[in-house]
Amino acid sequence: MIVTRFAPSPTGYLHIGGLRTALFSWLWARKNGGKFLLRIEDTDMARNSEEALKAIIKAFSWVGMSYDEEVYYQSKRFDIYQKYIDQLLSEGKAYKCYMSKEELDALREEQMAKKERPRYDGRYRDFNGTPPAGIEPAVRIKAPLDGIITFIDGVKGEINISASEVDDFIIARSDGTPTYNFVVAIDDALMGITDVIRGDDHLYNTPKQIVVYDALGFKIPRFAHVAMINNEQGKKLSKRDGAIDVMEYKQNGFLSEALLNFLVRLGWSHGDQEIFSIEEMIEFFDPKDINKSSSSYNLDKLYWLNSHYIKQKSDEELSSLLVGFGVNIVNHPKKSIILNATKERAKTLKELSSQIKLILETPSNYDEKSFAKAFKDENTKGLLKAFGDNLKVANPKSKEDYHKALEDFVAQNSIGFGKIAQPLRLALLGELSGAGLDEIMEILGLDECLIRIDNIIKN
RNA sequence: GACCCUUUCAUCUAGUGGCCAAGGAUGUUGCAUUUUCAAUGCAUUCACAGAGGUUCAAAUCCUCUAAGGGUCGCCA
């Protein structure tokens, strides 16, 4: 059984980098009929934010990634960790360190000055004298002193880190609370995680966690470290960058399936295929096909994907999605004509909603430049009026009727289509570009068309 | 500074020694279509980081160089 997990710390919003590794983990579990767990890494109480936690769960539900079992909170599992700290202490695999913060800083500075990699020097590793007074000790684990820590990374291949690079790191702070690398290893082992898929900023935590696995006699899972996503400037995505908060994509009118499709192709591929339904992602995903190199994201492709998925959506789905963008056509009798007229020219739901609003709302004013352009010919108003009169007589019903009315009018007056089309569009939409005139008029109906034509003539 | 990772078009990528004078997609530009804007179709543009090896043969293997990234907390 494959068990994967996503283990964010609730210190910021979920950004697309996190969403992508979560997606990879989720796909791998679903593909194998395994489990995908959600675990909140909140051991550092001072830095937790309730809001951030809610945002993460909200984002998960938006994209439709379901997790198994309940959400695990590390802050509720301290007694478990304590047990293992005591165990390691009594087995002599961990020890108390009485070094003060100041001493530690001094040591680090000294090592930096000598151009060495800063690391704990092990001074309390075999200490059995009288501890200094007034200092609450932290607990450190005994890391191997020599040799090489090796693991096979599912993405990068064999990774070798010499043991001298891994110091006796702290597993419990002086206030008794356990630290990240310790609890991650314990939880992953206890929860039976078989595949740890995470960002490669954790690559260096892996040897530390292996030290914990070994000390506790746990089985080491498979690791797959996914390279980072960079921003368009090729720099690391920052959590503070509001534009990349997952929920902002929703607010900006992106469909979750477009975002997921976009993310799955960032660092992963399946031949030349670009469009993946969720089912196909699950079917084809394999961590072995994840790229080693980091990638930068490119909004153009997301827009392309998004318009693709907008066109795929049913009228029912689209119209209910649009409610969130201030357009309610759920029960509109001409819903499907409206959507057909507009969805081809919208890259986002936001754009779609404003296209629809343009049609549904009677224009109250006209852009000066556009007006001047469309009405630069003095006869234009007269032409529009004549067209309105013709319409009244023709009494068109369908978009074919309207089309015929237009054609007839152009033929009768021997003018180019553009002569009437541009002013008419401005009259109907208040804009010079947008949906086809036939469709717009069918949606509006004869009366509203005449009102709008009349309005612009009076302008 | 030390250690680790990475390097194919502007961007995402295919590619595991011959099928590659490098394929797909987005973007660009052009043409067609059209009442506008789109959409669509067709075409166009653009890359193996560099230098040395190994080999009959290298984008693919090896070495070095360069550039980018990551990590060095009683943060996660």
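All values reported here derive from a predicted model rather than from experimental measurement. In what follows, chains are A, B, ... by sequence order, proteins preceding strands, each numbered from 1.
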Within this structure, what is the [atom1]-to-[atom2] distance between [X] and [N], rounded to whole angstrom?
X: L305(A); N: U13(B); atom1: CG; atom2: C1'; value: 14 Å
X: E109(A); N: C72(B); atom1: CD; atom2: C1'; value: 15 Å
X: H225(A); N: U6(B); atom1: NE2; atom2: P; value: 13 Å

I'd like to know if the side chain of [X] and the backbone of [Y] have a donor-acceptor N/O pair within less than 3.5 Å.
X: N298(A); Y: K301(A); value: yes
X: R265(A); Y: Q273(A); value: yes
X: T179(A); Y: I170(A); value: yes
X: D401(A); Y: S398(A); value: yes

Establish, from distance only, whether the side-chain atoms of [X] and [Y] form a donor-acceptor pair under 3.5 Å.
X: R198(A); Y: T206(A); answer: yes
X: Q74(A); Y: D42(A); answer: no
X: D187(A); Y: Y72(A); answer: no

ask   = Residues two or more places apart in sequence or in another chain: which of them pass ring-ring contact (aromatic ring centres under 6.0 Å, His included) with F127(A)?
value =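 Testing F127(A) for ring-ring contact (aromatic ring centres under 6.0 Å, His included), a comparison that skips the adjacent residues, returns Y124(A).
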
inquiry  = Generate the contact string for nucleotides 34-42 of chain B. Rules: B means base contact, S means sugar-phosphate contact only, - means no protein heavy atom under 4.0 Å.
reply    = -BBBBSS--

Scan [X] against the nucleic acid and name what it touches under 4.0 Å (heavy atoms): base, sugar-phosphate only, or nothing.
X: S295(A); value: sugar-phosphate
X: K115(A); value: sugar-phosphate
X: R119(A); value: nothing

Distances under 3.5 Å only, N/O to N/O: pair up the protein atoms with those of nucleotides 15-23 of chain B.
from   : atom 1 : to      : atom 2 : distance (Å)
G23(B) : N2     : D272(A) : OD1    : 2.9

Output one line per pair: protein atom, nucleotide atom from nucleotides 67-71 of chain B, and distance, for all N/O pairs under 3.5 Å.
from   : atom 1 : to      : atom 2 : distance (Å)
G69(B) : OP1    : K235(A) : NZ     : 2.5

Using the [atom1] atom in both, what is the distance from [N] to [M], to the nearest Å?
N: C46(B); M: G23(B); atom1: P; value: 12 Å
N: C9(B); M: G27(B); atom1: C1'; value: 11 Å
N: U11(B); M: G18(B); atom1: P; value: 27 Å
N: U65(B); M: U44(B); atom1: P; value: 42 Å
N: G50(B); M: A59(B); atom1: P; value: 11 Å

query = When the aromatic ring centroids of F24(A) and F285(A) are compared, is their separation below 6.0 Å?
reply =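 For F24(A) and F285(A), the ring centres are under 6.0 Å apart.
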
ask   = Taking the six-membered ring where the residue is Trp, are the ring centres of F6(A) and F60(A) under 6.0 Å apart?
value =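 Distance test on ring centres: under 6.0 Å, yes.
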
query = Contacts to RNA chain B from residues 148-159 of chain A, heavy-atom cutoff under 4.0 Å, which residues?
reply =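 Going residue by residue through residues 148-159 of chain A, the ones with a heavy atom under 4.0 Å of RNA chain B turn out to be K156(A), I159(A).
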
Return the pairing partner of [N] with a 3.5 Å limit on both distances, Watson-Crick or G-U wobble; otherwise return none.
N: A2(B); answer: U71(B)
N: A58(B); answer: none
N: U33(B); answer: none
N: C64(B); answer: G50(B)
N: U11(B); answer: A25(B)

query = Between L266(A) and D175(A), who's closer to the 5' end of RNA chain B by nearest nucleotide?
reply =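 Closest to the 5' end, via its nearest nucleotide, is L266(A).
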
With a 3.5 Å cut-off and sequence neighbours excluded, list the donor-acceptor pairs that the side chains of residues 406-415 of chain A form with protein atoms.
from    : atom 1 : to      : atom 2 : distance (Å)
D408(A) : OD2    : K404(A) : NZ     : 3.0
Q412(A) : OE1    : N390(A) : ND2    : 3.3
N413(A) : ND2    : F409(A) : O      : 2.8

query = Below 4.0 angstrom from OP1 or OP2 of U13(B), is there any side-chain N or O of R265(A)?
reply =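 Negative; the distance criterion is not met.
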
request  = Indicate yes or no: does D188(A) engage R39(A) in a salt bridge with an N to O separation below 4.0 Å.
outcome  =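 Here D188(A) pairs with R39(A) in a salt bridge, since their nearest N and O are under 4.0 Å apart.
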
